[in-house]
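These figures come from a predicted structure and were not determined experimentally.
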Amino acid sequence: MHINRAGRHRRGGTGADDWQNQKMTTAGPERAPRRTGSLQPVELAQAAVIAALCAAIAIISVVVPFAAGLSLLGTVPMGLLAYRYRLRVLIAATVAGGLIAFLIAGMGGFMTVVNCAYIGGLTGIVKRRGRGTTTVIASALVAGALFGAATVVALAILSRLRNLIFESVTANVSGTAAILARIPGMEGAAERLKQDFVTALDYWPYLFFAAGVFSILWVSLLGWWALSRVMARLLGVPDVHKLESSTDDGPVAPVPLQLKDVRFRYPKADDDALGPLSMAVRPGEHLAVTGANGSGKTTLMLVLSGREPTAGTVERPGAVGLGKLGGTAVVMQHPESQVLGTRVADDVVWGLPPGTATDVGQLLSEVGLDGMGERDTGGLSGGELQRLAVAAALAREPSLLIADEVTSMVDQDGREALMSVLSGLTRRHRTSLVHITHYNDEADAADRTVNLTGNGAAADTEAGGEMVETADAPTATIHAVDGRRGAPVLELNGVCHEYGSGTPWAKTALSDIDFAVHEGDGVLIHGLNGSGKSTLAWIMAGLTVPTAGSCLLDGAPVSDQIGAVAISFQAARLQLMRSHVALEIASSAGFSKYDQAKVTAALNTVGLEPTLAARRVDELSGGQMRRVVLAGLLARSPRALILDEPLAGLDAASQRGLLRLLTDLRRRNGLTLVVISHDFAGLEELCPRTLHLQGGVLAAAPTATGGMS
């Protein structure tokens, strides 16, 4: 393999590099490159997140009665942090988490965080260095000796504390002796216990030193035994789509870019995920990349952003500069994984080199967030978060901006706003734009289209192959036009929901929702981002209890029948909790993973081959993941099925196949279905009935009565 990278040398990442790595990836269990010097932005972000998580666990374990065992959970994030990052990152997280826990839960919370950091840190560091139990024992003996010596010195100085501890321990020993004395034949043993303890107190420095060494050794071995097994499972989860921190050296110049016969194959895979591919990215052009699910679009994004191909030639005039000023920036499908700042203006400049002059107001105005610099990022809609991610990328003044399906989770208004921003970037900035998309109108806005075929090869075209068509939102209707009107399954009566009730941050999500879903019904619910669709879905699934009104399943509160209404979330991967397909379906449906007949039947129900049962979940395409989720849910025979954005991220063929499958299930098996979607093309037959949410209320249907069912 020949890789031509003019002026490029390997080195550790900088702050700007780490911004890109942190803001545009979901942190995986892989080890980060070793760094020297002060903490980098990505390390600060990881330390802050882990500190908050560990502090929360410590506070709960101290404050909630009989919850002390929960403190062991805090060792897991601390262990992963120690495995992936430097010791100083673990220390920063321990100090931050310990202070938070101390301020809320006192010394007990502080010591819980320290204990979690010690056990997790020891396990993570030993794992990272490839050592084993012997190293743990040696480290524990040293730590125990230091702890025991510190205890002895402290008790020697603090005489009143020493006497208090002696009295407390003596009382416990006396109580134990009293219990023994009541057992026939144990009177002598009880008296001997009291006498030996009094003698031992005369040698209290040795006693407390030995107790300190033993306790640390015991805790270390127990933590190593339990946590190393947990980490072994976590470290076995592949994170193949993770952006790699840039290690380029030399002048940053990612374009013009030329790929010649590039191939890429993921570790342990049998086939190439991409290639052979030859294409070019020219300065200042808007290039659309299209193709079916599994054609290699995301893999191409990784190669364009600096991942080494397994074969072929990548030619650039300089370094990739991922996250650097004037380099490469990536905006991904899920903006929540890229937004770190709690304030909009802070997120725009996160990770920029010190002294960088940035006109935050102008950038926010350009992406349609004018005057929102002081807003809390937690209160932004999906479309606003995506525009914020674009603004943060533009703050790096990139020569190459890669947008990976950034509109798939956004409503139509937000999609149009984002496209107006993206399509004008190459005119307003010295930026090349590579836009990965499934939508025909988005590809039409580009200067040129590259369509990836099934084997990863590409051909420059005008249309880019079969694309997802956009359609206008259907009109709200009362009854299904096909006349199906079975018995009521779900009934919502005056449903209202408010987040943060009784606080200054209270926010109304739903108001006076009244409608019913009948047996065999197909209902489409649509509305803009933030209109309350997901909240309504969670209430109908019984996962959220409304603050007012009722949601009934067969006449009883659905919140008392969790699981009877199945729900499929927007991101199918987040709902797949097991390593292999068969195990996932069996776990979701509630039968044994060894019952091959039931696993096969479930796969057949959603149109998947039985051979897929042995596949790892991470090897599936997006469409396959969504179908595996459906297979597990349908195998439970739910009373109703709620699908939240089931078409997001699917190509035209996958969308058509999924809709045909669901339509057949509704008509043949009487499946009661509620679909929440921003994509409307092809939904007419699946969902003959439509409800429109606007600002948390149902929009009135255009009928003579003006009512909604």
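- In this structure a side-chain-to-backbone donor-acceptor pair under 3.5 Å is missing from T299 to A273.
- Checking side-chain atoms of D347 against main-chain N and O of V339 turns up no donor-acceptor pair under 3.5 Å.
- Of the possible donor and acceptor atoms, one in the side chain of Q575 sits under 3.5 Å from a partner among the backbone N and O of F569.
- At least one side-chain heavy atom of V152 sits less than 4.5 Å from a side-chain heavy atom of W204.
- T112 places a side-chain N or O within 3.5 Å of a backbone atom of G108 that can act as its donor or acceptor partner.
- No donor-acceptor distance shorter than 3.5 angstrom exists from the side chain of Q338 to the backbone of A389, with no hydrogens or angles considered.
- Looking at every heavy atom in both residues, M301 comes nearest to I402 through CG-CG2, 3.6 Å.
- Taking every heavy atom of both residues into account, G121 and L90 meet most closely at CA-CD2, 3.6 Å.
- For the pair H580/R615, no side-chain contact is recorded, criterion being any heavy-atom separation below 4.5 Å from C-beta on.
- A distance of 6.0 Å separates OG in S568 from CZ in R626, rounded to the nearest 0.5 Å.
- Scanning all heavy atoms of the two residues, the minimum distance from S139 to L122 falls at CB-CD1, 3.7 Å.
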I'd like to know whether M78 forms a side-chain contact (heavy atoms from CB on, under 4.5 Å) with C54, so could you lay out the CA-CA distance, the side-chain angles of the two residues, the decisive distance to 0.1 Å, and finally the verdict. CA-CA 8 Å; M78 285 294 192; C54 193; 3.8 Å; yes

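- Proximity of T176 to L193: side-chain heavy atoms (C-beta onward) are separated by under 4.5 Å at one or more points.
- At least one donor-acceptor pair under 3.5 Å links the side chain of R162 to the backbone N or O of L155.
- Between the CD1 atom in I59 and the CZ atom in F110 there is a gap of 13.5 Å [rounded to 0.5 Å].
- The closest donor-acceptor contact from the side chain of T135 to the backbone of R131 lies at 3.5 Å or more, if one exists at all.
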Step by step, would you call D595 with V599 a side-chain contact (heavy atoms from CB on, under 4.5 Å)? CA-CA 7 Å; D595 195 334; V599 173; 5.7 Å; no

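- The aromatic rings of F214 and W218 sit parallel to each other, their planes meeting at less than 30°, with 60° as the upper class boundary.
- Closest approach of R128 to Y85, counting heavy atoms only: NH2-O, 3.3 Å.
- At distances below 3.5 Å, not a single donor-acceptor pair connects side-chain atoms of E405 with backbone N or O atoms of M332.
- In this structure, P254 and V252 have side chains that are in contact, with non-hydrogen atoms separated by less than 4.5 Å.
- To the nearest 0.5 Å, the span separating OG1 on T377 from CG on L340 amounts to 9.0 Å.
- Using modelled atom types, one finds no donor on one side chain facing an acceptor on the other under 3.5 Å when comparing T75 with Y118.
- For the atom pair K297 NZ and L302 CG, the distance stands at 12.5 Å (nearest 0.5 Å).
- In this structure, F264 and D272 have side chains that are not in contact, with every pair of non-hydrogen atoms separated by 4.5 Å or more.
- The closest side-chain heavy-atom distance from N115 to S71 is not below 4.5 Å.
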Hey, mind stepping through L274 and R263 against side-chain contact (heavy atoms from CB on, under 4.5 Å) and telling me if it holds? CA-CA 5 Å; L274 179 69; R263 296 175 181 268; over 6 Å; no

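- No side-chain heavy atom of V126 sits less than 4.5 Å from a side-chain heavy atom of T133.
- S168 places no side-chain N or O within donor-acceptor distance of the main-chain N or O of L164, the cut-off being under 3.5 Å.
- Scanning both residues, A393 and P398, for their nearest heavy atoms gives O-CD, 3.3 Å.
- In summary, R192 and D196 engage in a salt bridge, as defined by a charged side-chain N under 4.0 Å from a carboxylate O.
- Between the CD1 atom of I216 and the CG atom of L221 there is a distance of 11.5 Å, given to the nearest 0.5 Å.
- Using a 4.5 Å heavy-atom threshold, the side chains of V628 and V617 count as separate.
- In this structure, the side chain of T199 engages the main chain of Q195 through a donor-acceptor pair within 3.5 Å.
- When the shell of 6.0 Å around CZ of F102 is examined, it contains 12 or fewer heavy atoms from other residues, nucleotides or ligands.
- Counting non-hydrogen atoms of other residues, nucleotides and ligands closer than 6.0 Å to OH of Y206 gives a total of 12 or fewer.
- The shortest non-hydrogen separation linking G223 to T123 is O-OG1, 4.1 Å.
- Here T151 contributes atom OG1 and F209 contributes atom CZ; the two are 10.0 Å apart, rounded to the nearest 0.5 Å.
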Working for side chain to side chain donor-acceptor pair (under 3.5 Å), residues T310 and R265: CA-CA 6 Å; T310 44; R265 180 176 298 185; over 6 Å; no

Under the criterion side-chain contact (heavy atoms from CB on, under 4.5 Å), I'd like the reasoning laid out for V89 against I50: C-alpha separation, chi angles, the key distance, then a yes or no. CA-CA 10 Å; V89 181; I50 297 302; over 6 Å; no

